[in-house]
Amino acid sequence: MARDERGVTPQSEDFSAWYNELVFKAELVDRGPVRGTMVIRPYGYRIWELLQADMDRRIKETGHVNAYFPLLIPESYMQREAEHVEGFAPELAVVTHAGGKELEEPLIIRPTSETIIGEMMAKWISSHRDLPMLLNQWANVVRWELRPRMFLRTTEFLWQEGHTAHADEADAMAETMLALDLYAHVARDIAAMPVVEGEKTPGERFAGAQRTFTVEGMMRDGRALQSGTSHFMGTNFARAFGIRYAAESGNEEFCHTTSWGMSARMIGGVIMTHGDDKGLVLPPLLAPYQVVIVPIGRGDQAEQVLPPATELADRLRRAGIRTHVDNRPQLSPGFKFNDWEMRGVPIRLELGPRDLAAGTTLMSTRLGEGKTPVSLDLAPARLELELTAFQSLLLQRATEFRDDHTSTVDSWDEFAEAVKTGWALAFGCGSSECEDDIKAATGATPRCIPAEGALEEGMCVRCKQPSAYGKRLIFGRAY
RNA sequence: CGGGACGUGGCGCAGUUUGGUAGCGCACUUGACUGGGGGUCAAGGGGUCGCCGGUUCAAAUCCGGCCGUCCCGACCA
């Protein structure tokens, strides 16, 4: 059954093939020459810019300031926090030669910047008056991944990493939760991904952190995607890097630090949360083009149709709608319809001689079936409403999907069945041996201890020991 | 690192078994027609067949070695 090579493999046939073909066909990315690297093409990068702009604004609104730290980190820095080194050692890229000779000390290409930022914080902080120190940087990092996947796991990726230092533990914990809320907001209100906020179990914690929090989204194949993390480091890094301050009492104290990150992986989450067999479905707030106008007609007709199409686009843009006129002359309208559907444009407008005569334009939404005539005069206001509705529809759909694919289970059989297609809410005993056993048997891991879960106790779904954490965990297979 | 597949115009592939002038589809260029759901016809351009070596009158094809990529497993935002 030869699939039309212009389309993508249906999700139901092979979700992974669907994703893989789509990221290339929608021109989001191309492969880099080095294994596991990714070129983010203009259409894909625009999505990142839109996500980034919103996040950056909120990071600043909450009192953080941007800075930039070097890509190259002395190898010795990595060694200072025992768990941190151990966690990252297998995926480090190391520069051993430069300037034509071997370096005295190898340099690590940052996999994350706790160490170098910790080193600088130690230098910059001396008094409680210097605290809290609230830093953020937008950067690329490199982790030598064994099994790359576009956006989800690439050797080099783009992200934002927040690093903060606080006088006391309560402040640092509040900061950790603030960052988590920020991620939940970006996911829900911008990406229309109904994420669950929660805490990681010890086995899933960040290397060197005391507590790790996460926002987890559910993809359309039922798997979970960690879409942002926030870590409370306690004084671990402060001790390793000497981040100390003189308290009001005059005593010298260690700072409490946090770090938190959200990456371009989020784009993978958007693709897998909303996409369908026709291609991408982009939330209006992240769509490079929210509306695409396809003029219909050629020759004399084209000359008649293009000016009104351009004028309509201008009016929509003035209303704040990102609009594009597809005036590629050599392509048929039908081709363009399919093309923009593949690229996930929320709303398409057709404008031809018949519409012009009627003073309307034919509107199709990416998720709807039919076409609706819309008055040209009222188009800007109407489309604003449509886009807002489209954005909420996506969140609603995704929420329903997630709820339909989440089951509360108490028996092992139910559990094993549930994690094949979605999430299981079940009790865990808290031992990492038991978690490993569950993973080996089903591929599922505890995604988080959900912040909003009801308080209850029970028996571990696997070993029947008393439950830990006082609530059910979310288990699922993950990316 | 283990298992599987593959390297041939930009992309997707056939050709390899059985050695004999490098092909097809899409894309591209030009022209005409066409245009409201992936257009038609005609004429063109473009390839050291992954690399190195060997066998042979002759290698994409046979032999040896190397490199690379993709897919499936163990690590991860």
Side-chain angles (χ1 to χ4, degrees), chain A residues 2-7 14 16-17 20-21 24-25 27 30-37 86-92 111-112 139-161 183 200 203-207 212-217 224-231 259-269 278-279 294-302 305 328-342 348-358 360-364 369-371 373 436 439-440 443 445 478-479:
Chain A
R3 190 184 66 258
D4 185 333
E5 69 183 27
R6 287 171 298 202
D14 185 343
S16 164
N20 247 319
E21 292 166 20
F24 292 104
K25 290 192 171 170
E27 295 187 354
D30 208 338
R31 260 183 250 290
V34 175
R35 178 189 158 74
T37 61
E86 197 192 330
F88 279 107
E91 42 187 356
L92 294 180
T112 176
N140 57 339
V141 291
V142 167
R143 297 180 186 178
W144 214 255
E145 297 293 350
L146 301 173
R147 195 136 138 53
R149 232 157 129 46
M150 291 295 156
F151 289 117
L152 305 175
R153 221 181 302 102
T154 49
T155 294
E156 177 186 358
F157 62 89
L158 299 180
W159 76 347
Q160 150 284 126
E161 46 180 323
Y183 294 154
K200 286 293 189 188
E204 300 275 321
R205 222 175 253 157
F206 177 76
T212 287
F213 297 83
T214 176
V215 293
E216 299 280 329
L225 182 75
Q226 178 173 319
S227 308
T229 49
S230 184
H231 313 290
S259 75
W260 28 280
M262 182 179 261
S263 72
R265 164 184 267 195
M266 185 64 126
I267 296 172
K278 287 197 277 188
V294 179
I296 313 277
R298 62 163 285 280
D300 294 347
Q301 286 183 333
V305 165
R328 292 175 289 179
Q330 67 282 21
L331 299 176
S332 72
F335 181 91
K336 292 177 183 178
F337 299 163
N338 286 285
D339 192 35
W340 292 113
E341 279 161 7
M342 176 78 79
R348 182 186 74 235
L349 296 177
E350 294 168 45
L351 195 62
R354 296 207 292 268
D355 308 294
L356 279 177
T360 60
T361 175
L362 259 195
M363 176 182 76
S364 321
E369 281 297 316
K371 305 183 183 185
D436 290 347
K439 183 171 186 184
T445 50
Y479 276 100

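Order of the sequence lines fixes the chain letters, A, B, ..., with proteins taken first and strands second; residue numbering starts at 1 for each chain.
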Checking all strands, does [X] fall into the base, sugar-phosphate, or nothing category for heavy-atom contacts under 4.0 angstrom?
X	result
A:Pro329	base
A:Ser16	sugar-phosphate
A:Arg348	base
A:Lys371	base

Measure the distance from [atom1] on [X] to [atom2] on [N] and round it to the nearest whole Å.
X	N	atom1	atom2	answer
A:Asn338	B:G39	CG	C1'	13 Å
A:Lys25	B:C26	NZ	P	15 Å
A:Phe335	B:G36	CZ	P	14 Å
A:Arg328	B:C28	CZ	C1'	15 Å
A:Gln330	B:U29	CD	P	7 Å
A:Glu341	B:G36	CD	C1'	14 Å

Polar atoms only, N or O, under 3.5 Å: list the protein pairs with nucleotides 67-70 of chain B and their distances.
| residue | atom | partner | partner atom | Å |
| --- | --- | --- | --- | --- |
| B:C70 | OP2 | A:Arg35 | NH1 | 3.2 |

So [Y] and [X], do their side chains get closer than 4.5 Å, heavy atoms only?
X	Y	answer
A:Trp159	A:Arg265	no
A:Asn20	A:Arg149	yes
A:Arg143	A:Arg153	no

Sort out the partner of [N] for me: Watson-Crick or G-U wobble, both distances under 3.5 Å, none otherwise.
N	result
B:G47	none
B:C13	B:G23
B:C75	none

Ring pair (Phe, Tyr, Trp, His ring centres under 6.0 Å) against A:Trp144, all qualifying residues, sequence neighbours excluded: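 A:Trp144 satisfies ring pair (Phe, Tyr, Trp, His ring centres under 6.0 Å) with no other residue.
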If the condition is side-chain contact (heavy atoms from CB on, under 4.5 Å), which residues does A:Thr214 pass it with, not counting sequence neighbours?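 In terms of side-chain contact (heavy atoms from CB on, under 4.5 Å), with neighbours along the sequence ignored, A:Thr214 is linked to A:Lys200, A:Glu216, A:Gln226, A:Thr229, A:Cys448.
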Could you list the residues that satisfy side-chain contact (heavy atoms from CB on, under 4.5 Å) with A:Ala17, not counting sequence neighbours?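 For A:Ala17, the residues satisfying side-chain contact (heavy atoms from CB on, under 4.5 Å) (neighbours in sequence not counted) are A:Thr9, A:Asp14, A:Glu21.
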Is there any protein nitrogen or oxygen under 3.5 Å from a nitrogen or oxygen in nucleotides 73-77 of chain B, and what are the pairs?
| residue | atom | partner | partner atom | Å |
| --- | --- | --- | --- | --- |
| B:G73 | OP2 | A:Arg147 | NH2 | 2.6 |
| B:C75 | OP2 | A:Lys439 | NZ | 3.3 |
| B:C76 | O2 | A:Arg153 | NE | 3.3 |
| B:C76 | N3 | A:Arg153 | NE | 2.8 |
| B:A77 | O3' | A:Gln226 | NE2 | 3.3 |
| B:A77 | O2' | A:Gln226 | O | 3.4 |
| B:A77 | O2' | A:Arg265 | NE | 2.9 |
| B:A77 | O2' | A:Arg265 | NH1 | 2.2 |
| B:A77 | N6 | A:Thr154 | N | 2.9 |
| B:A77 | N6 | A:Thr154 | O | 2.8 |
| B:A77 | N3 | A:Ser263 | OG | 3.0 |

Can the ring centroids of A:Phe213 and A:Phe206 be said to lie less than 6.0 angstrom from one another?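 No, ring centres 6.0 Å or more apart.
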So which protein nitrogen or oxygen atoms get under 3.5 Å of nucleotides 31-34 of chain B's nitrogens or oxygens?
| residue | atom | partner | partner atom | Å |
| --- | --- | --- | --- | --- |
| B:U34 | O4 | A:Arg298 | NE | 3.2 |

